[in-house]
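See below for the structure under consideration.
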Amino acid sequence: NVSDSGSLQYRRSQARLQQQRGKYSEAIDELLQIDEALCPNKTELSSLMDEALGLARDYVSSRVKEVSRKASVILNKMGEPTKAAKILDAASLTREAVDVLIE
């Protein structure tokens, strides 16, 4: 159903489906389309960003920095600058992590 394509449940199921197919980059893309508008629960959104980062680290290492940047933007917008900075720092993006904390 096209009208459901913007829902949290749809994005999560698509991410799971892509992951089951071994299409980890596509699964990451689905997870990164989830933001605070789709998932206002900070804990759940943080967990989804961790899932995207885990997929990048485990299966698509070339995307770790990109995924870290995108996840940190989403978390920072939700008022989680410390979590955002930790994600950046873990990806060796220390300067960007510092910038998030001093904004």
TODO: Could you tell me whether D29 and R63 make a salt bridge, using a distance below 4.0 angstrom between a side-chain N and a carboxylate O?
DONE: yes

- [ ] Decide yes or no for Y24 and Q19: does some side-chain heavy atom of the first lie under 4.5 Å from some side-chain heavy atom of the second?
- [x] yes

- [ ] Could you grab the distance from atom OG of S46 to atom CG of L53, nearest 0.5 Å is fine?
- [x] 9.5 Å

Open item on the list: In the structure I gave you, are the side-chain heavy atoms of M78 and M49 within less than 4.5 Å of one another anywhere?
Closed with: no

TODO: In plain terms, say whether K83 and D50 are close enough for a salt bridge, that is, a side-chain N and a carboxylate O under 4.0 Å apart.
DONE: yes

Open item on the list: Quick check for you: to the nearest 0.5 Å, what is the distance between L101 atom CG and K86 atom NZ?
Closed with: 10.0 Å

- [ ] To the nearest 0.5 angstrom, please state how far the OG1 atom of T94 sits from the CG atom of D99.
- [x] 11.0 Å

Task: Side-chain ion pair, E96 and R69, N-O less than 4.0 Å - done: yes

TODO: Linking directly or through intermediates, with side-chain heavy atoms under 4.5 Å: list the remaining ILVMFWY members grouped with V64, chain and number order.
DONE: none

Task: Spatial distance of atom CD (E30) from atom CD (Q14) [nearest 0.5 Å] - done: 5.0 Å

Open item on the list: Testing the basics here: between A15 and A27, what is the closest heavy-atom pair and its distance to 0.1 Å?
Closed with: O-CB, 3.4 Å

Task: N76 versus E103, side-chain donor and acceptor atoms under 3.5 Å - done: yes

- [ ] Grab the two heavy atoms, one from L88 and one from S68, that are nearest each other, plus how far apart they are.
- [x] CD2-O, 3.9 Å

Open item on the list: Once rounded to the nearest 0.5 Å, what's the spacing between atom CG of L31 and atom CD of Q33?
Closed with: 9.5 Å

- [ ] Would you name the heavy atoms of V60 and S25 that are closest together and state the gap between them?
- [x] CG2-N, 3.9 Å

Open item on the list: With rounding to the nearest 0.5 angstrom, report the CD to CG distance, E51 to L55.
Closed with: 6.0 Å

Open item on the list: Let's go through R12 and E44 carefully: what are the C-alpha distance in whole Å and the side-chain angles of both, what is the deciding distance for salt bridge (charged side-chain N to carboxylate O under 4.0 Å, His left out) to 0.1 Å, and is it a yes or a no?
Closed with: CA-CA 12 Å; R12 290 178 81 166; E44 186 177 4; 2.5 Å; yes

Open item on the list: Testing the basics here: between V100 and P81, what is the closest heavy-atom pair and its distance to 0.1 Å?
Closed with: CG1-O, 3.5 Å

Open item on the list: Ignoring hydrogens, what is the shortest heavy-atom contact between V67 and I28? Give both atom names and the distance.
Closed with: CG2-CG2, 3.5 Å

- [ ] Specify the closest pair of heavy atoms between L32 and I74, including all atoms of both residues, with the distance to one decimal.
- [x] O-CD1, 3.8 Å

